[in-house]
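Not measured: the values here are computed from a predicted model. One is the number of the first residue; the rest follow in order along the sequence.
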Amino acid sequence: MAKYYLFGNFSQKGARALLTSDSDRATVVKKACEAMGCKFHSYDITEGQFDFILVVEGDSEQIIAAKGGAMMSDDFDIMISIKAVSVDSIR
């Protein structure tokens, strides 16, 4: 399993839900990741170009499925995944 960093921005619907709900968003995200077979590491709301960063471990098919499911919720405008690689594997 590889480590992936997922960055994204909330849609208006997603931002509204984030601001008006008292649920623990990290717990919700963790459950969704684990349901897809991914290992959850962290989830943080960020300031700057992206609204959040999620760190998980999984295979590429799991990440594609997780992103697809998340985007179908209409809670996000954009989601980008970046796979971490070791320098040794590149060499």
For this session: Could you list who else is in L19's hydrophobic cluster, with ILVMFWY side chains joined at under 4.5 Å, directly or through other members?
Result: none
Exercise. Applying the side-chain contact (heavy atoms from CB on, under 4.5 Å) test to C33, which of L54, I63, V55 qualifies?
Worked result: L54
Exercise. Hey, does the side chain of S21 reach the backbone of L18 with a donor-acceptor pair shorter than 3.5 angstrom?
Worked result: no
For this session: Return the set of residues passing ring pair (Phe, Tyr, Trp, His ring centres under 6.0 Å) with F10 (not counting sequence neighbours), or none when no residue passes.
Result: F52, F76
Seminar exercise, completed: The side-chain contact (heavy atoms from CB on, under 4.5 Å) partners of Q62 (sequence neighbours excluded) come to M1, C38, D59
Problem set entry | Closest non-hydrogen atom pair, K3 against E57 | CA-CG, 4.1 Å
Problem set entry | Whichever hydrophobic residues join I90 through chains of side-chain contacts under 4.5 Å | V85
Exercise. Please, which pairs that meet salt bridge (charged side-chain N to carboxylate O under 4.0 Å, His left out) have at least one residue in residues 62-74, sequence neighbours excluded?
Worked result: none
Problem set entry | Residues in side chain to side chain donor-acceptor pair (under 3.5 Å) contact with T20, at least two apart in sequence or another chain | none
For this session: Indicate yes or no: at least one non-hydrogen side-chain atom of L6 is less than 4.5 angstrom from one of V56.
Result: yes
For this session: Scan for ring pair (Phe, Tyr, Trp, His ring centres under 6.0 Å) pairs involving residues 11-33, sequence neighbours excluded, and state none if there are none.
Result: none
Seminar exercise, completed: For residues 75-91, the salt bridge (charged side-chain N to carboxylate O under 4.0 Å, His left out) pairs (sequence neighbours left out) are K13-D75, D88-R91
For this session: Using side-chain contact (heavy atoms from CB on, under 4.5 Å) as the criterion, list what pairs up with K30, not counting sequence neighbours.
Result: E34, F40
Exercise. Can you list the residues that meet the side-chain contact (heavy atoms from CB on, under 4.5 Å) rule with S60, with sequence neighbours excluded?
Worked result: Y4
For this session: Mind checking the CG-CG spacing from N9 to D51? Nearest 0.5 Å is all I need.
Result: 4.0 Å
Exercise. Excluding sequence neighbours, so at least two apart, what forms ring pair (Phe, Tyr, Trp, His ring centres under 6.0 Å) with Y5?
Worked result: none
For this session: Would you mind reporting whether Y43 and R25 have side-chain heavy atoms less than 4.5 Å apart?
Result: yes
For this session: Can you measure from CE (M71) to CD1 (I78) and round to the nearest 0.5 angstrom?
Result: 7.5 Å
Problem set entry | side chain to side chain donor-acceptor pair (under 3.5 Å) partners of T27, counting only residues at least two apart | D24
For this session: Give a yes or no on whether I64 and M36 share a hydrophobic cluster (residues Ile, Leu, Val, Met, Phe, Trp, Tyr; joining criterion: side-chain heavy atoms under 4.5 Å apart).
Result: no
